[in-house]
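When reading the values below, keep in mind they use all heavy atoms of this one structure, side chains included, and skip hydrogens, waters and symmetry mates. Along the sequence shown, residues are numbered consecutively beginning with 1. When a ligand or atom number is given, it counts from 1 through the structure's own listing order.
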Amino acid sequence: MYLMRIGQPGAEKPIVRLNDEQYVDVSDLVGDFNEAFFAAGMADLRAAVAARTAAGQVTRFAGERIGAPIARPHQILCIGLNYRDHALETGQAIPDEPILFTKSPNTLVGPNDDVRIPRGSTKPDWEIELGIVIGRRAGYLADEAEAADAIAGYVLVNDVSERAFQIERGGQWTKGKSCETFNPAGPWLATPDEIADVLDLGMTLDINGQRRQTGTTEQMIFSPTFIVHYLSQFMVLEPGDLINTGTPPGVGLGMNPPVWLQTGDVMELSMDALGTQRQSVVAPR
Ligand code: ZN
């Protein structure tokens, strides 16, 4: 199943995408794709969507704003340096264990919403990533099989970053990751059964039509199930939590000389099975 939310910010309604032309409105069945929804599981929704599809209750949603496919989560967790080549381009060692940092949940925006440069920013940067959405409460998972069972689906994300805030302002990375609009997500959440091999997803990111990042999840150091099992040993994951799993090479920080986002730039992201995004970069407010 492909879950989407459409409508204006704060008033999105949940729909299920059958394909690019056909959608099933489920807003009368589901309040939102939020913690309670994921905790309850998707069996009822699958049955309802199958029945409505069979009955021809299919519609189009051309031209409407697409929101993030999940409601604001309890937390956004991020894995750093999870692609070998990206670790090398940033001059850092390949990690022995996943590097973890957090990102404010209110950074979440739609896949085509504007990304706003924060005040005082000098080094805004891009990061295409595979996002994991948690499907049930998960603490001390026994193994990676249990972790797989705790994954509701996958989503394309842009882990937008401000490198000066992240690296030059002391302490942890969170300051450079939590600025408003810094986590575009979507257009849809794909449930695991829609993805043949989550470790074989190609991805690209273009800035103003110029290819900057090319990668595949095959290059990940730590797989999604490894990450979910690992994190559950340190904290309780909640249904609807989002985990950004790290970015492949080609970020502005890794270029020589480095290149940073400018007002007016356009970021276009694409990942196999997870759709495309397009964000305009806008000036500080
Ligand atoms: Zn990242």
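Taking each heavy atom of Pro69 and Ala185 in turn, the nearest pair found is CD-O, 3.5 Å.
Judged by distance alone, the side chain of Arg119 and the main-chain N or O of Arg285 form a donor-acceptor pair under 3.5 Å. A donor-acceptor pair under 3.5 Å is formed between the side chain of Lys175 and the backbone N or O of Arg169. Although no hydrogens or angles enter the test, the distance criterion places a donor-acceptor pair under 3.5 Å between the side chain of Thr191 and the main chain of Met1.
Trp126 is linked by a ring pair (Phe, Tyr, Trp, His ring centres under 6.0 Å) to nothing, counting only residues two or more places apart in sequence or in another chain.
Take the Zn ion (ligand 1) and draw a sphere of radius 2.8 Å; the protein N/O/S atoms inside it number 3.
In this structure, the separation between CZ on Phe37 and CE on Met42 is 4.5 Å, given to the nearest 0.5 Å.
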